[in-house]
A.B. asks: 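Dropping a structure here in structure tokens format, bear with me for questions.
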Amino acid sequence: MLRMSTLFLRTLRDDPSDAEVASHKLLVRAGYVRRIAAGIYSWLPLGYITLRNIERVIREEMDRAGFQEVHFPSLLPKEPYEATNRWNEYGPDLFRLKDRKDGDYLLGPTHEEMFTLMVKGEYSSYKDLPLVIYQIQTKFRDETRPRSGIIRGREFVMKDSYSFDLDDEGLAKSYERHRDAYIKTFNRLGLRFNIVSAMSGAMGGSRSEEFLAPCPTGEDTYVLCEKCGYAANVEAMKTKVSPYSGETPAAIEELDTPNTPTIDSLVDVMNERFGGGYKASDTLKNVLLMADGEAISVLVPGDREVDLKRVAANLPGVVDLRLFDDEDFAKRKELVKGYVGPQDAKRFGLKLYADPRIVVGSHWITGANKLNRHARYVTHGRDFQVDGFIEAAEVRAGDECPECSHPVIIDRAIEIGHIFQLGRKYAQALDLTVLDHEGKSQVVTMGSYGIGVSRAVAAVAEQTHDELGLSWPIEIAPAKVHIVATGKEEAPFTEAEKVALALESSGITVLFDDRRDASPGVKFKDAELIGNPIILIFGKSLADGKVELRIRKGNEKREVPLQSVITEVISLLS
RNA sequence: CGGGACGUAGCGCAGCUUGGUAGCGCACAUGGCUGGGGGUCAUGUGGUCGCGGGUUCAAAUCCCGCCGUCCCGACCA
């Protein structure tokens with residue numbers, strides 16, 4: 001039993017000055033965590049119990065799914081990470097250090113290499129597969145900007161598992177097993193979440209989904225269709241298009257369009273010239289990019305911006321993507337800033353990528369590749385061909401759902417889990433192979449599955465708190481019942497103690513506020529701040545043989561006869 | 001990395017413009033009153049004023065440098 005009289009806890013009346021989001025403020029005020037450095041936190045008893053409760057739920061679901069727990073060091077040698085090139089690729093986000101012999105070490109940001117090598121060391125036959133192993137481990141990433149308290153720390157607790165299969169069907173099964181286990185886990189944690197398709201991107205592999213807990217302070221934006229449930233990361237959102245159905249336009253017509261380097265100025269001039277009717281969406285924006293040193297042109301409708309993240313996610317293999325700068329324009333004199341059009345791309349040796357909205361047959365007003373000149377009736381398929389379609393334009397609320405055409409909304413969320421099919425990247429790099437049934441060597445295919453454990457504490461706090469404080473779901477609350485004894489008489493304290501002991505002996509955890517020197521107001525405020533799901537108050541009404549029972553969530557109150565308190569609590573918890 | 005703000009007691013803040021005994025609230029200690037909503041009165045404890053240098057008889061305060069923290073952006077899983 002936890003007793004407030006001895007619990008290592010000090011609640012705070014004021015919000016900490018460095019906290020912005022609710023979970024951060026409340027976890028600090030309620031004495032769950034304390035900041036040590038930017039993005040680095042200590043866990044006090046209440047917080048640590050909560051964190052371990054979340055770990056317990058995760059473990060139970062992982063074990064139930066048949067996965068096996070292992071534990072790696074956090075302090076790791078550089079060599080495995082050199083073999084996969086991540087020692088370089090990870091860049092400054094990696095915490096690096098040296099030992100006394102000047103050897104390079106790192107604090108593990110994620111453990112694909114270690115898991116792969118561990119399996120390589122033990123297994124060498126297809127008969128050993130499939131295999132899933134996981135760990136709950138402290139991870140380190142030297143984030144450029146840690147923020148939002150423990151939502152995005154530089155040191156954090158993560159559950160990561162890895163699946164090992166002989167073939168794609170096996171990988172698909174391991175992936176599904178994780179998906180199911182994650183759904184069960186997050187439901188038990190009391191989180192509302194959406195499963196969102198994501199890009200596996202440069203990591204290779206095919207399928208990838210994120211588990212996002214919607215919450216206004218979340219730092220991830222995603223697209224959601226409230227009608228059919230389609231959800232996608234902004235990068236992964238697919239554009240809904242229909243084939244061109246209009247008439248074939250007249251031949252290209254070049255126009256004098258002085259001082260129209262922007263879409264807005266172009267639309268104004270067109271409307272002046274032709275008496276109105278032109279919109280930004282009738283124009284074609286040619287955005288020039290440098291992709292790993294190669295110039296490419298991306299076409300989007302004039303009323304949309306290019307979303308570089310979407311472009312990057314849809315150009316696999318490209319590491320460095322940026323907009324043309326003045327220097328680039330200076331080097332390519334044929335590309336006239338503000339007057340670029342796709343008609344001459346071949347001649348200019350430019351690769352052309354089009355947003356799916358630029359359908360074949362559609363015609364546009366676009367640059368004539370001459371200063372102060374534009375062209376109209378420039379038709380896709382007739383006047384220019386593209387090297388490929390690519391999701392390039394920004395996603396907006398109200399865009400059509402690719403599944404059901406209903407307008408989508410854009411929402412914010414905290415990423416609490418991510419599952420994806422890694423494929424053979426790591427197994428290949430580290431030469432993890434097994435012999436198949438024909439005795440031939442096969443590279444193993446892998447999946448990687450993460451849950452942000454410490455982040456989940458904050459995510460639950462974000463989703464469940466109210467204006468009075470924290471409010472935990474039953475499974476993870478530091479105690480299931482918070483018992484308050486008030487007054488200066490002995491009876492409330494002795495009766496409360498009896499009930500507390502009885503509950504504990506039934507396996508129900510109790511936090512007992514047995515302080516003699518705190519006023520009732522202080523105890524009530526603390527109980528609400530701390531956020532255990534059931535609050536029992538032994539005080540005034542005890543004279544009538546009654547105890548006040550409160551449900552923290554919703555703050556419902558009622559009086560219960562002393563004799564039936566225990567059965568009442570038990571039935572509420574089951 | 002770019003822009004902005006901040007650093008004074010465990011926490012939240014004032015003092016800095018105009019240099020001269022370091023202050024308030026919470027928390028903490030002791031005692032009294034109070035005892036169902038962070039109550040109240042009294043008396044206390046607690047400070048390298050982020051660090052280093054400079055100016056000055058004298059620096060929390062003015063000047064220079066550094067470090068740290070938070071927010072927005074870029075970046076990242």
Side-chain angles (χ1 to χ4, degrees), chain A residues 8-21 24-25 28-31 34-40 44 86 89-94 108-112 139-149 151-154 156 158 160 196 198-203 208-212 217 219-220 233 235 308-309 312-313 319-323 414-420 422 448-452 455 468-469 484-489 492-493 513 515-530 535 537-543 546-548 550 555 557 559:
Chain A
F8 182 54
L9 170 75
R10 196 102 300 159
T11 57
L12 268 30
R13 192 183 294 236
D14 299 313
D15 287 334
S17 63
D18 57 2
E20 199 73 14
V21 300
H24 188 193
K25 288 177 181 169
V28 171
R29 278 189 54 208
R34 291 289 180 259
R35 196 185 70 86
I36 296 302
I40 303 177
L44 279 59
R86 287 165 107 192
E89 271 176 14
Y90 233 98
D93 279 10
L94 195 61
T110 173
H111 282 72
E112 280 81 359
K139 309 271 180 173
F140 301 86
R141 289 180 198 169
D142 193 0
E143 300 276 352
T144 32
R145 185 149 92 81
R147 65 185 111 180
S148 308
I151 292 176
R152 187 178 200 74
R154 293 193 293 171
F156 56 96
M158 183 173 167
D160 53 330
V196 164
M199 303 293 298
S200 40
M203 298 298 278
S208 170
E209 286 165 300
E210 291 175 358
F211 288 73
L212 298 184
T217 52
E219 50 180 3
D220 280 30
N233 201 303
E235 282 95 304
L308 277 182
K309 280 188 174 178
V319 178
D320 181 36
L321 186 74
R322 59 171 179 81
L323 288 167
I414 301 171
E415 181 186 345
I416 47 174
H418 195 168
I419 54 178
F420 67 102
L422 271 181
S448 148
Y449 317 88
I451 293 179
R455 177 180 279 186
L468 298 173
V484 175
T486 67
K488 44 187 174 180
E489 308 301 324
F493 287 86
D513 196 341
R515 289 175 295 178
R516 301 285 182 150
D517 53 354
S519 70
V522 170
K523 293 181 179 181
F524 297 153
K525 289 285 183 199
D526 277 345
E528 285 146 0
L529 220 206
I530 290 167
I535 301 171
I537 298 160
F538 290 71
K540 272 186 171 169
S541 53
L542 195 62
K546 296 216 170 111
V547 174
E548 184 178 323
R550 297 184 185 178
N555 298 308
K557 311 175 183 183
E559 303 252 288

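Letters A, B, ... are given to chains in the order of the sequence lines, protein chains preceding strands, and every chain is numbered from 1.
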A.B. asks: Scan A:Arg455 against the nucleic acid and name what it touches under 4.0 Å (heavy atoms): base, sugar-phosphate only, or nothing.
C.D. replies: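 Base, at least one base atom sits under 4.0 Å.
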
A.B. asks: State which residues pass side-chain contact (heavy atoms from CB on, under 4.5 Å) with A:Thr144; sequence neighbours excluded, sorted by chain then number.
C.D. replies: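 In terms of side-chain contact (heavy atoms from CB on, under 4.5 Å), with neighbours along the sequence ignored, A:Thr144 is linked to no residue.
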
A.B. asks: Not counting sequence neighbours, which residues clear side-chain hydrogen bond (donor to acceptor under 3.5 Å, both in side chains) with A:Asp18? List them please.
C.D. replies: A:Arg35

A.B. asks: Please state the C1' separation for the pair B:rA59 and B:rG53 - nearest whole angstrom.
C.D. replies: 13 Å

A.B. asks: Charged N to carboxylate O under 4.0 angstrom, A:Asp513 versus A:Arg515?
C.D. replies: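 Yes, charged N to carboxylate O under 4.0 Å.
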
A.B. asks: Could you write nucleotides 26-37 of chain B as a row of B, S and -, 5' to 3', where a protein heavy atom under 4.0 Å of any base atom gives B, of only sugar-phosphate atoms gives S, and otherwise -?
C.D. replies: SSS------BBB

A.B. asks: Please enumerate all residues that pass side-chain hydrogen bond (donor to acceptor under 3.5 Å, both in side chains) together with A:His111, with sequence neighbours excluded.
C.D. replies: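 By the side-chain hydrogen bond (donor to acceptor under 3.5 Å, both in side chains) rule, A:His111 matches A:Gln135, A:Lys139.
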
A.B. asks: Quick check: are there more than 12 heavy atoms from other residues, nucleotides or ligands sitting under 6.0 Å from CD of A:Glu219?
C.D. replies: yes

A.B. asks: Only counting residues at least two apart or in another chain, list the ones meeting side-chain hydrogen bond (donor to acceptor under 3.5 Å, both in side chains) with A:Ser148.
C.D. replies: none

A.B. asks: Apply side-chain contact (heavy atoms from CB on, under 4.5 Å) to A:Ser541 and list each qualifying residue two or more places apart in sequence or on a separate chain.
C.D. replies: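 So A:Ser541 forms a side-chain contact (heavy atoms from CB on, under 4.5 Å) with A:Lys546, A:Glu559.
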
A.B. asks: Which whole number of Å gives the distance between the P atom of B:rG65 and that of B:rU30?
C.D. replies: 49 Å

A.B. asks: Distance check, P atoms only: B:rC70 and B:rU55, in whole angstrom units.
C.D. replies: 35 Å

A.B. asks: Can you tell me the pairing partner of B:rU30 across any strand shown, Watson-Crick or G-U wobble, with both distances under 3.5 angstrom?
C.D. replies: B:rA42

A.B. asks: Is there side-chain contact between A:Glu489 and A:Leu542, with at least one heavy-atom pair below 4.5 Å?
C.D. replies: no

A.B. asks: My understanding is that only residues two or more places apart in sequence, or in another chain, count here; which of them pass ring pair (Phe, Tyr, Trp, His ring centres under 6.0 Å) with A:Phe211?
C.D. replies: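 Result, ring pair (Phe, Tyr, Trp, His ring centres under 6.0 Å) vs A:Phe211: A:Tyr182, A:Phe186, A:Phe193.
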
A.B. asks: Using the C1' atom in both, what is the distance from B:rG38 to B:rA27, to the nearest Å?
C.D. replies: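 Approximately 12 Å lies between the C1' atom of B:rG38 and that of B:rA27.
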
A.B. asks: For B:rG2, which nucleotide in any strand shown is its Watson-Crick or wobble partner with both distances under 3.5 Å?
C.D. replies: B:rC72

A.B. asks: When the P atoms of B:rG68 and B:rC26 are considered, how many whole Å apart are they?
C.D. replies: 35 Å

A.B. asks: Give none if B:rU17 has no partner; otherwise give the nucleotide forming a Watson-Crick or G-U wobble pair with it, both distances under 3.5 Å.
C.D. replies: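 Pairing partner: none.
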
A.B. asks: Are any side-chain N or O atoms of A:Arg154 and backbone N or O atoms of A:Glu143, one a donor and one an acceptor, separated by less than 3.5 Å?
C.D. replies: no

A.B. asks: When the C1' atoms of B:rG36 and B:rG31 are compared, how many Å lie between them, rounded to an integer?
C.D. replies: 25 Å

A.B. asks: State which residues pass side-chain contact (heavy atoms from CB on, under 4.5 Å) with A:Glu20; sequence neighbours excluded, sorted by chain then number.
C.D. replies: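 side-chain contact (heavy atoms from CB on, under 4.5 Å) list for A:Glu20, sorted by chain: empty.
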
A.B. asks: Quick one: A:Lys25 NZ to B:rG12 C1', roughly how many Å, whole number?
C.D. replies: 13 Å

A.B. asks: Tell me the interatomic distance from A:Glu89, atom CD, to B:rC75, atom P, rounded to whole angstroms.
C.D. replies: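 Going from A:Glu89 (CD) to B:rC75 (P), I get 18 Å.
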
A.B. asks: With a 3.5 Å limit on both atom pairs, tell me what B:rG37 is paired to, counting Watson-Crick and G-U wobble, or say none.
C.D. replies: none

A.B. asks: Using a cut-off of 4.0 Å on non-hydrogen atoms, how would the nucleic acid contact of A:Asp220 be classed: base, sugar-phosphate, or nothing?
C.D. replies: base

A.B. asks: Is there a Watson-Crick or G-U wobble partner for B:rC62 with both distances under 3.5 Å, and if so, which one is it?
C.D. replies: B:rG54

A.B. asks: Tell me, please, which residues at least two apart from A:Arg145 pass side-chain contact (heavy atoms from CB on, under 4.5 Å).
C.D. replies: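 So A:Arg145 forms a side-chain contact (heavy atoms from CB on, under 4.5 Å) with A:Arg147.
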
A.B. asks: So what's B:rG12 paired with, Watson-Crick or G-U wobble, going by both distances under 3.5 Å?
C.D. replies: B:rC24

A.B. asks: For nucleotides 4-10 of chain B, give me one character per nucleotide, 5' to 3': B if any protein heavy atom sits under 4.0 Å from the base, S if the only such contacts are to the sugar-phosphate, - if neither.
C.D. replies: -------

A.B. asks: Who passes side-chain hydrogen bond (donor to acceptor under 3.5 Å, both in side chains) against A:Asp220, sequence neighbours left out?
C.D. replies: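 Applying side-chain hydrogen bond (donor to acceptor under 3.5 Å, both in side chains) to A:Asp220 gives none.
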
A.B. asks: Within the 4.0 Å heavy-atom criterion, would you say A:Asp15 contacts the bases, only the backbone, or no part of the nucleic acid?
C.D. replies: sugar-phosphate

A.B. asks: Could you measure between the two P atoms, the one in B:rG50 and the one in B:rG10, and give it in whole Å?
C.D. replies: 13 Å

A.B. asks: For nucleotides 68-74 of chain B, give me one character per nucleotide, 5' to 3': B if any protein heavy atom sits under 4.0 Å from the base, S if the only such contacts are to the sugar-phosphate, - if neither.
C.D. replies: -SSBBBB

A.B. asks: For the side chain of A:Arg515 and the base of B:rG38, is some donor closer than 3.5 Å to an acceptor across the two?
C.D. replies: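 In this structure, the two groups form no donor-acceptor pair.
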
A.B. asks: Taking the C1' atom of each, how far is B:rU48 from B:rA22, in whole Å?
C.D. replies: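 Here B:rU48 and B:rA22 have their C1' atoms 14 Å from each other.
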
